[in-house]
Amino acid sequence: MKKVGISSNNLLHPNAHFGTNYVDYIQKNYIDGIIDASALPMVFPIGSPSLAKEYINSVDALILAGGQDVSPEYFGEDPHVNLHETDQDRDAFEVALVLEAIQQDKPILGICRGLQIINVALGGTLYQDLNSQYQNLVVKHNQYPTKWYIPTHRLILKRESWLSNLFDKEALVNSFHHQAVKKLANGLQIDAVSSDNVVEAFSDEIRHIYAVQWHPEMLLMKNPDAQKLFNLFVEKI
Ligand SMILES: [Mn+2]
């Protein structure tokens, strides 16, 4: 069975159940997507970047999940007034995982924040807040409180890519982000955009990097077709 590592999230704020205890978690939808693609999920607790090599040694591929904003210090900016919460421990760990997976020639799938951290790890930059920094903004890229599993905005495919196996030239996806790719890192190619030209997917077949800005794992609840993205990724291993 192929093993897919998935980086986790910190519960940054104590709640009624967990008080001030440290909790590390991953949403079950990602796990379902991996298992239903006939692979074995291995959840990586956020830890020291020095462990990245051992973690990547233990798997065949890496998935980077959604979550907090990426700290702008990684692309040389101060925090914008509309930056949301960040987690520098998670940023440092995930950047190390990305670089190590590339080093070991193991496929990477980035989802939402995962797409953004890949871009930043490889030298790209982000809009810290689309609403205040992206001049051509037309589309609602954070559909909340519309449900997670409802696709809302158009996805326009820009070239022949792995996504061509999943979608026609246009499709609908869900959208829960306020950050996005500004400068794309060298070597990555844009696969799809929204109708207002925000980067919604990129890939690099040479380094086996695949990334989407929407949340296929949340679509799984009501859209069985969304499983195909996980299946295709696991077939790349
Ligand atoms: Mn979007």
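Numbering of residues begins at 1 and proceeds along the displayed sequence. Counting starts at 1 for both ligands and their atoms, in listed order.
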Answer yes when D24 and R90 have at least one side-chain N-carboxylate O distance shorter than 4.0 Å, and no when they do not.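 Salt bridge: no.
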For the pair D191 and R159, find out whether any cationic side-chain nitrogen is under 4.0 Å from an anionic carboxylate oxygen.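 So D191 pairs with R159 through a salt bridge.
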Single-linkage hydrophobic cluster V212~L184, side-chain heavy atoms < 4.5 angstrom: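 V212 and L184: separate clusters.
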Any N/O/S atom of Q213 sitting less than 2.8 Å from the Mn ion (ligand 1), backbone or side chain? no
Check: F93 ring centroid to F44 ring centroid under 6.0 Å: no
With the Mn ion (ligand 1) as the reference point, give the N/O/S atom of E200 that is nearest.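 Checking each N, O and S atom of E200, the shortest distance to the Mn ion (ligand 1) belongs to OE2.
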Looking at the Mn ion (ligand 1), which N/O/S atom of H141 is the nearest one? ND1
Note: NE2(H177)-the Mn ion (ligand 1)-OG(S175) angle, rounded to 10 degrees, equals 90°
